[in-house]
Asker: 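Below: one structure in structure tokens.
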Amino acid sequence: MWLVNLREYTDMKKSDIIIKLKKTLERKRFEHTLGVAYTAAALAMCHDADMEKAYIAGLLHDCAKGMTDSEKLKYCKDHNLPIKPVEYDNPSLLHSKVGSYLADEVYEIKDKEIADAIFYHTTGKAGMGLLESIIFVADYIEPGRTHDPELPVIRKEAFNDLNKTILHIYVNTIKHLQDTDSPIDTTTMIAYEYYAKQENNGKDNQTH
Ligand code: DGI
Ligand code: FE
Ligand code: FE
């Protein structure tokens, strides 16, 4: 493998991944996937992250979306992945956890940072690393998204201040979950509190 130019190797991988994803995802989901991949690469350019990793994590972030709820629950049981009560109530939340394992098992991407970015892309978590933050944000803002009227502002923020953008996304997502009476994962709430505190600390520092 070391005789192969690394650039060619990853280019080969990317087209293999895209062909495989096209077979398992519905058309809309596949288009969203490509949108997240190039948005993540653009955010990586802006925020000095690894573009290659951001693109691949973007491609794979929803790779488990083709599975039914019972397939996802079975996959977790077969692989001894713990399932939280909120995930039993809403098994769609499991696509991020399952996807991070499929990235390794099915798509042969053996990279901890990419696996973590996929694992946390739905709820996020307190203190996300750079790649995790980029995938969390790219998933929300890619050009195909239309669900949030504040998207034009959030898209601009994303290329300026990632933590501020993450807080904005949490505020809007939690409001949407409350409005629709959806159960909120504790990881989501803890992360929201973390980013709200970060923002307040930043403001305090500016006034001193
Ligand atoms: O897979 P996508 O649709 O591209 O995006 P995603 O993985 O971010 O999932 C989005 C959905 O997840 C959106 O409808 C909000 C929901 N979500 C995020 N955090 C929570 C949540 N749903 C529940 N019930 N609880 C959460 O904490
Ligand atoms: Fe997702
Ligand atoms: Fe997504």
Side-chain angles (χ1 to χ4, degrees), residues 17-18 21-22 24-43 54-69 71-73 75-76 81-103 107 114-126 128 131-151 154-155 158 162 165-196:
I17 290 171
I18 290 172
L21 285 171
K22 195 158 196 264
T24 81
L25 299 176
E26 286 174 5
R27 178 186 287 262
K28 274 237 139 263
R29 181 62 51 185
F30 179 68
E31 282 171 8
H32 163 72
T33 288
L34 296 181
V36 175
Y38 62 70
T39 302
L43 286 172
Y55 186 82
I56 292 176
L59 280 181
L60 290 174
H61 83 287
D62 273 343
C63 68
K65 275 278 187 176
M67 288 165 83
T68 63
D69 285 349
E71 284 169 342
K72 286 191 288 277
L73 288 163
Y75 186 95
C76 288
L81 304 177
I83 303 169
K84 296 189 269 186
V86 66
E87 293 168 335
Y88 269 114
D89 290 346
N90 194 349
S92 158
L93 287 171
L94 288 171
H95 77 275
S96 38
K97 195 177 274 187
V98 173
S100 81
Y101 283 80
L102 294 184
Y107 296 89
I114 293 178
D116 285 345
I118 300 171
F119 193 100
Y120 290 107
H121 84 264
T122 302
T123 59
K125 67 166 182 173
M128 284 186 270
L131 193 64
E132 288 165 337
S133 303
I134 284 175
I135 297 301
F136 182 78
V137 170
D139 191 22
Y140 201 87
I141 67 165
E142 65 91 4
R145 291 290 208 199
T146 54
H147 62 295
D148 183 334
E150 291 180 8
L151 269 168
I154 298 175
R155 287 186 173 121
L162 275 179
T165 313
I166 291 168
L167 177 61
H168 200 158
I169 292 172
Y170 275 124
V171 168
N172 292 14
T173 301
I174 290 169
K175 181 166 188 326
H176 169 75
L177 292 172
Q178 284 168 342
D179 289 348
T180 52
D181 278 332
S182 308
I184 302 178
D185 194 314
T186 46
T187 315
T188 305
M189 283 314 293
I190 292 169
Y192 158 70
E193 282 157 16
Y194 171 92
Y195 285 97

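Indexing begins at 1, ligand by ligand and atom by atom, following the structure's order.
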Asker: How many angstroms lie between CG in Asp62 and NE2 in His121, if you round to the nearest 0.5 Å?
Answerer: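 Result: 4.0 Å between the selected atoms.
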Asker: Once you round to the nearest 0.5 Å, how far does CG of Leu34 lie from CG of Leu59?
Answerer: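 Atom-to-atom, Leu34:CG and Leu59:CG are 6.5 Å apart.
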Asker: So which protein residues pack against ligand 1 under 4.0 Å, heavy atoms counted?
Answerer: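 For ligand 1, the residues that come within the 4.0 Å heavy-atom cutoff are Arg29, His32, Asp62, Lys65, Asn90, Leu93, His95, His121, Thr122, Asp139, Arg145, Leu177, Pro183, Ile184, Asp185, Thr188.
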Asker: In total, how many protein N/O/S atoms does one find closer than 2.8 Å to the Fe ion (ligand 3)?
Answerer: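 There are 4 of them.
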Asker: Considering non-hydrogen atoms only, spot the tightest contact between Arg155 and Glu142 and give its length.
Answerer: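 Minimum heavy-atom separation between Arg155 and Glu142: NH2-O, 3.0 Å.
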Asker: Can you confirm whether Phe30 is buried at CZ, in the sense that more than 12 heavy atoms of other residues, nucleotides or ligands lie under 6.0 Å from that atom?
Answerer: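 For Phe30, atom CZ is crowded (more than 12 foreign heavy atoms under 6.0 Å).
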Asker: Please assess Thr122 against Phe136 for the test side-chain contact (heavy atoms from CB on, under 4.5 Å), listing each intermediate value before the final yes or no.
Answerer: CA-CA 7 Å; Thr122 302; Phe136 182 78; over 6 Å; no
Asker: With a 4.5 Å cut-off on side-chain heavy atoms, are Ile166 and Ser133 touching?
Answerer: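 Yes, at least one pair of side-chain atoms sits under 4.5 Å.
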Asker: Verify whether the ring centers belonging to Tyr194 and Tyr170 lie closer than 6.0 Å.
Answerer: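 That pair fails the under 6.0 Å test.
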Asker: Identify, by name, the N, O or S atom of His95 lying closest to the Fe ion (ligand 2).
Answerer: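 Considering only N, O and S atoms, His95 comes nearest to the Fe ion (ligand 2) through NE2.
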Asker: Where is the tightest heavy-atom contact between Ser100 and Phe119, given as atom of each residue plus distance?
Answerer: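 Looks like OG-CD1, 3.4 Å.
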Asker: With distance as the sole criterion, is a donor-acceptor pair present between the side chains of Lys84 and Thr186 under 3.5 Å?
Answerer: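 Side chains of Lys84 and Thr186: no pair found under 3.5 Å.
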Asker: Among Ile169, Leu167, Ile184, which one satisfies side chain to side chain contact (heavy atoms under 4.5 Å, CB included) with Tyr192?
Answerer: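 It is Leu167; the other options fail the test.
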